[in-house]
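First up is the structure itself, then whatever we jot down about it.
In this chain, residues are counted from 1 in sequence order.
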Amino acid sequence: QVQLVESGGGLVQAGGSLRLSCAASGRTFNNYAMGWFRQAPGKEREFVAAITWSGGSTHYADSVKGRFTISRDNAKNTVYLQMNSLKPEDTAVYYCAADLVHLGYSGSYYTESTWDYWGQGTQVTVSS
């Protein structure tokens, strides 16, 4: 079992920044890939970013590329999402997820079914 707890969400003005954290427990952190998804009101959950176990490969949705950065600290069992130049359309509940695979991803990283464990989510609200 893997437990994931997100933090760092909040209210920020457009153009501002936030850093989300996701603390993992329950299994050796560097045995799985990590990802971030988000769900805006009335919309389906969508892929935001993903990072392999080593941190050597990262992937982003086109909508956040160049503004968001995913990183991980395996010593702290934590994955981060640095969000800069935030826009009102970034408003959503952000979820972190774990894919229990040592190399790459077990499936398509942008697909929800690839990910084995999910956190409860943290709200990000960007005001215009």
Salt bridge (charged side-chain N to carboxylate O under 4.0 Å, His left out): which pairs involve residues 119-128, sequence neighbours left out? none
Working for side chain to side chain contact (heavy atoms under 4.5 Å, CB included), residues Ser57 and His59: CA-CA 7 Å; Ser57 293; His59 303 85; 4.0 Å; yes
Which pairs pass disulfide bond (SG atoms under 2.5 Å apart) with one or both residues in residues 98-128, sequence neighbours excluded? none
Would you kindly confirm whether Tyr94 and Tyr60 end up in one hydrophobic cluster when ILVMFWY residues are joined by side chain heavy atoms under 4.5 Å apart? yes
Just grab all the disulfide bond (SG atoms under 2.5 Å apart) pairs involving residues 69-128, residues at least two apart or on different chains. Cys22-Cys96
Nearest 0.5 Å please: distance from the OH atom of Tyr32 over to the CD1 atom of Ile51. 13.5 Å
Name all residues meeting the side chain to side chain contact (heavy atoms under 4.5 Å, CB included) criterion together with Ser113; count only those two or more places apart in sequence or in a different chain, and write none if there are none. Thr111
Between Thr91 (side chain only) and Glu89 (backbone N and O only), is there a donor and an acceptor less than 3.5 Å apart? no
Atom OG1 in Thr114, atom CG in Leu100: separation rounded to 0.5 Å? 12.0 Å
Work out which heavy atom in Ala14 is nearest to a heavy atom in Ser128; give both atom names and the distance. CB-CA, 4.3 Å
Looking at residues at least two apart in the chain, or sitting in another chain, which of them share a salt bridge (charged side-chain N to carboxylate O under 4.0 Å, His left out) with Asp90? Arg38, Arg67
Can you list every side-chain hydrogen bond (donor to acceptor under 3.5 Å, both in side chains) pair that touches residues 10-22, not counting sequence neighbours? Ser17-Asn84
CG on Leu81 to OG1 on Thr122, rounded to 0.5 Å: 11.0 Å
Which residue pairs pass the side-chain hydrogen bond (donor to acceptor under 3.5 Å, both in side chains) test with at least one member in residues 1-11, sequence neighbours excluded? Gln3-Ser25
Minimum heavy-atom separation for Val124 to Leu18, with atom names? CG1-CD1, 3.9 Å
Nearest atoms (heavy-atom pairs only) where Met34 meets Ala98: SD-CB, 3.7 Å
Could you tell me whether the side chain of Tyr80 reaches within less than 4.5 Å of the side chain of Thr69, counting heavy atoms only? no
Under the salt bridge (charged side-chain N to carboxylate O under 4.0 Å, His left out) rule, what pairs show up with a residue in residues 118-128, not counting sequence neighbours? none
What's the separation between atom CE in Met83 and atom CH2 in Trp36, rounded to the nearest 0.5 Å? 8.0 Å
Counting N and O atoms only, with roles assigned by atom type, does the side chain of Asp99 sit under 3.5 Å from a partner on the main chain of Ser106, one being a donor and the other an acceptor? yes
Residues forming a salt bridge (charged side-chain N to carboxylate O under 4.0 Å, His left out) with Lys65, sequence neighbours excluded: Asp62
All side-chain hydrogen bond (donor to acceptor under 3.5 Å, both in side chains) counterparts of Thr125, not counting sequence neighbours: Gln123
Minimum-distance pair of heavy atoms, taken over all atoms of Leu103 and Trp53: CD2-NE1, 3.8 Å
Quick note, salt bridge (charged side-chain N to carboxylate O under 4.0 Å, His left out) partners involving residues 111-121, not counting sequence neighbours, are Arg45-Glu112
Taking ILVMFWY side chains as joined if any heavy atoms are under 4.5 angstrom apart, and letting links pass through other members, which residues group with Tyr109? Phe37, Phe47, Val93, Tyr95, Tyr105, Tyr110, Trp115, Trp118
dist Tyr117:OH -> Leu4:CG (nearest 0.5 Å) comes out at 9.5 Å
